[in-house]
Amino acid sequence: MPGSAAFIQFENVSKAFGTAKVVDALDLHVGQGEFVSLLGPSGSGKTTLLMMLAGFEAPTGGAIHVDGKRVERLPPYKRDMGVVFQNYALFPHMTVAENIAFPLKMRGVGKAEREARVTRALDLVQLGHLQDRKPAQLSGGQQQRIALSRSIVYEPKVVLMDEPLSALDKQLREHMQLEIRELHRKLGLTVIFVTHDQGEALTMSDRVAVLNRGKIEQLDTPSGLYDRPRTRFVAEFIGETNLLAGTVSARTDGVATVVLANGGSISCAAPDGFAIGSPALVSIRPEMLHLGNDPAVLNALPVTVEDDVYHGDHVRVHLSCQGQRLVAKAGRRDVVLPVGSQAFASFNRDDCTLVAP
Amino acid sequence: MSAASPNLPGTPGALAFGAVRLAFGALVVAFLLLPLVAILPLAFTDSVFLTYPMSGPSLRWFETLATSDAWKRSIVNSLIIGSGATVLSTVVGTLAALGLRRELVPFSGVLRSIFLLPMVVPAVVLGVGMQILYARMGLASSYLGVIVAHAVLCVPFVLVNVSGSLASIDPALEKAASSLGAPPTAVFRNVTLPLAMPGILTGAVFAFATSLDEVVITLFVAGPNQTTMARQMFASLRENISPAIAAAAFVIIVLTFALLLVVKGASLFRPQRNKQRPQQT
């Protein structure tokens with residue numbers, strides 16, 4: 001996590017449209033040089049949050065600081081931020097070079113230096129040969145790279161990206177993810193990246209803020225989010241998970257024993273909180289469930305195999321455990337049990353976690 | 001596929017439907033163009049009557065336009081008044097379209113309707129009203145009066161065209177310009193105005209064409225010194241039906257077409273080719 005000082009600070013920020021609260025008393029700190037994704041379903045407030053940072057929306061409460069200065073009353077053109085829009089927003093009546101030169105022109109950069117910097121910005125995205133084309137003559141991926149280089153040519157304090165890759169096909173999207181990531185590393189950019197694609201958020205970000213109903217459910221590193229989700233929403237939104245309801249019956253530092261609602265008990269890694277007697281959900285990722293015949297191992301759930309679904313690199317095994325449906329991912333080398341057979345699904349204590357119900 | 005599907009390409013049903021569509025389209029086009037076909041050849045007649053059959057081809061009526069004082073005068077007047085009305089209505093109409101764009105002004109819906117009113121109000125009513133008003137203001141029988149009167153009629157055309165092209169501008173473009181450091185005036189100059197330009201030019205052509213053939217209001221507000229071509233045609237139609245009218249009509253049509261071509265040509269040179277080249281990434 002590069003740069004630990006809070007470079008961008010949202011303090012108790014709210015935004016309401018009429019009576020609808022889109023962003024609700026939200027705090028978020030982002031360090032300089034950090035790549036933070038805002039991830040959430042549509043309507044979670046992630047784009048509104050970005051628009052408030054860019055200056056296109058004014059918060060109805062709270063304060064936003066960038067680089068030590070309050071910005072929420074500054075108009076967008078005084079904020080010195082690069083914004084990359086979902087549909088690229090390239091000026092159709094200007095050439096590629098004119099598009100990239102635009103922010104420099106607005107800053108009164110002289111012609112010679114302007115041209116040099118445009119050339120450098122174009123080389124950065126390897127599209128120098130297209131500088132005299134109009135945007136309509138470029139492919140989607142090329143337009144996206146031009147938009148990207150236009151947003152960094154004036155070395156803004158922060159680059160904001162609003163679902164910039166959602167219009168591209170899958171292969172190109174994955175390629176651009178790596179390219180943006182590389183630019184971020186090479187130039188030391190501070191990036192706020194809005195997406196509804198969890199794969200994108202996990203692969204690109206230093207940290208991810210998962211938003212739901214205008215609040216941050218969890219702000220964590222990608223592996224933190226995946227391995228240690230704090231809430232049911234995060235557990236279900238990031239990846240796929242099996243949730244088993246139960247009650248905490250014993251706990252020591254970092255470990256809790258949970259008595260499941262449908263019988264049996266599980267020993268589970270547990271974050272702070274979850275006192276004895278409190279209800280909890282045990283979250284187990286499908287790839288952490290191992291199928292076998294040994295009931296003696298720790299955390300073994302008796303299951304019936306309902307269905308096997310072939311997915312090429314893995315097999316999804318649908319299980320039922322005393323009426324509850326579970327999913328396991330079996331690798332290609334794992335033994336595939338025939339449908340209808342009885343087995344035990346086991347998992348390690350550290351491969352599951354407790355979330356609040 | 002045994003069920004009858006008349007709209008499948010190639011089936012007899014589809015062919016018949018296509019033929020009916022084509023015939024109907026041709027009829028409508030004929031209905032629109034036949035009056036022109038009827039009158040325009042008479043501009044080149046050598047007879048003194050505006051009737052068929054033509055006895056022989058001649059350019060004598062164009063010569064009349066160019067030599068007769070009344071016609072010469074009317075052509076110059078039409079150009080002066082047409083240009084004035086075009087400039088005035090284009091500026092006013094464009095400003096109105098910009099102001100009403102985001103519906104931020106209270107009653108913007110009502111305001112828009114008021115701006116469009118001259119399209120629906122009978123010209124006679126407007127003409128009488130203006131005549132009374134101008135008499136009070138001392139604008140009667142003045143160039144300025146006729147220009148303003150024509151501009152009132154032209155504003156709706158500009159407003160509609162400019163509003164259309166403003167509506168087609170992606171709001172993200174102006175946001176992008178703003179985030180890139182452009183204050184509102186620079187956003188307007190560099191993004192909004194250039195992108196609205198096709199609509200502004202089209203509106204201006206409509207305005208000029210409207211002014212060129214306006215008769216009714218001109219009859220009320222113009223004095224003998226401001227006789228326009230359209231009014232001169234109207235006047236000579238009552239006195240003697242001379243083929244000079246057809247020649248004048250020809251001139252007006254050519255002028256309008258030329259303007260239209262200029263505007264369309266200008267927008268053709270803007271690369272609007274959305275089909276991109278082979279994708280290379």
Side-chain angles (χ1 to χ4, degrees), chain A residues 51 54-56 75-95 98-109 126-127 129-130 133-145 147 150-151 153-154 156 159-160 162 168-169 171-172 175-176 179, chain B residues 94 97-98 101-104 106 161-162 164-204 263-281:
Chain A
M51 290 299 128
F56 299 124
Y77 59 93
K78 286 189 181 159
R79 294 205 186 188
D80 199 32
M81 294 188 189
V83 184
V84 181
F85 292 84
Q86 190 170 4
N87 57 357
Y88 322 136
L90 294 174
F91 305 128
H93 55 297
M94 299 184 195
T95 64
E98 285 165 349
N99 261 285
I100 299 176
F102 184 80
L104 300 175
K105 222 162 128 185
M106 290 301 124
R107 284 167 175 73
V109 175
Q126 290 138 40
L127 291 178
H129 57 292
L130 297 179
R133 297 265 186 93
K134 290 281 175 71
Q137 294 168 278
L138 306 180
S139 70
Q142 289 168 338
Q143 291 189 40
Q144 186 51 268
R145 274 135 95 189
R150 185 179 68 178
S151 72
V153 67
Y154 52 103
V159 180
L160 311 179
D162 184 13
L168 304 178
D169 62 58
Q171 235 177 345
L172 191 52
H175 179 82
M176 287 300 297
E179 209 163 309
Chain B
T94 302
L98 286 167
R101 182 183 182 196
R102 306 232 191 268
E103 318 224 317
L104 294 177
N161 275 294
V162 178
S165 66
L166 285 177
S168 69
I169 298 177
D170 178 0
L173 291 177
E174 285 157 312
K175 281 187 182 171
S178 178
S179 77
L180 292 168
T185 48
V187 175
F188 178 73
R189 208 175 48 243
N190 291 290
V191 179
T192 317
L193 195 60
L195 292 177
M197 202 40 94
I200 295 175
L201 289 180
T202 310
V263 169
K264 284 292 154 201
S267 63
L268 270 188
F269 281 108
R270 250 178 276 275
Q272 301 257 321
R273 285 156 279 161
N274 277 325
K275 296 281 156 266
Q276 66 272 40
R277 324 220 153 181
Q279 307 217 347
Q280 32 170 272
T281 45

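In the text below, chain A, chain B and the rest are named by the order of the sequence lines, each starting its count at 1. Here the structure is a predicted model, which is why all the values come from computation and not from measurement.
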Query raised in the report: If you count heavy-atom pairs under 4.5 Å with chain A, which of B:S178, B:A172, B:P171, B:A176 comes out on top?
Result: B:S178
Query raised in the report: Taking every heavy-atom pair that is under 4.5 Å apart, which of B:S179, B:A186, B:P184 has the most such pairs with chain A?
Result: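 Looking at each option in turn, the highest pair count goes to B:S179.
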**Report entry** A:R107 portion near chain B, given a 4.5 angstrom heavy-atom threshold
**Finding:**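 A:R107 touches chain B through side-chain heavy atoms alone.
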Requested in this report: Tell me, for A:M176 versus chain B, whether the close heavy atoms (under 4.5 Å) come from the side chain, the backbone, both or neither.
Outcome: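 A:M176 has no heavy atom closer than 4.5 Å to chain B.
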Requested in this report: Run the numbers on A:D162 and A:M51 for side chain to side chain contact (heavy atoms under 4.5 Å, CB included), then give the verdict.
Outcome: CA-CA 9 Å; A:D162 184 13; A:M51 290 299 128; 3.8 Å; yes
Query raised in the report: Is there side-chain contact between B:L193 and B:I200, with heavy atoms separated by less than 4.5 Å?
Result: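 Contact flag for B:L193/B:I200 side chains = yes.
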Query raised in the report: Between B:L173 and chain A, which part of the residue has a heavy atom less than 4.5 Å away: side chain, backbone, both or neither?
Result: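 Contact with chain A involves both backbone and side-chain atoms of B:L173.
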**Report entry** Residue selection (most heavy-atom pairs with chain B, distance under 4.5 Å) from A:F91, A:F85, A:Y88, A:Y77
**Finding:** A:Y77
Requested in this report: Nearest 0.5 Å please: distance from the CG atom of A:L90 over to the CD atom of A:E98.
Outcome: 12.5 Å
Query raised in the report: To the nearest 0.5 Å, what is the distance between CE (B:M197) and OG1 (B:T202)?
Result: 11.0 Å
**Report entry** A:R150 (side chain) donor-acceptor with A:G82 (main chain) under 3.5 angstrom
**Finding:**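 The answer is no, because no donor-acceptor pair under 3.5 Å joins these two groups.
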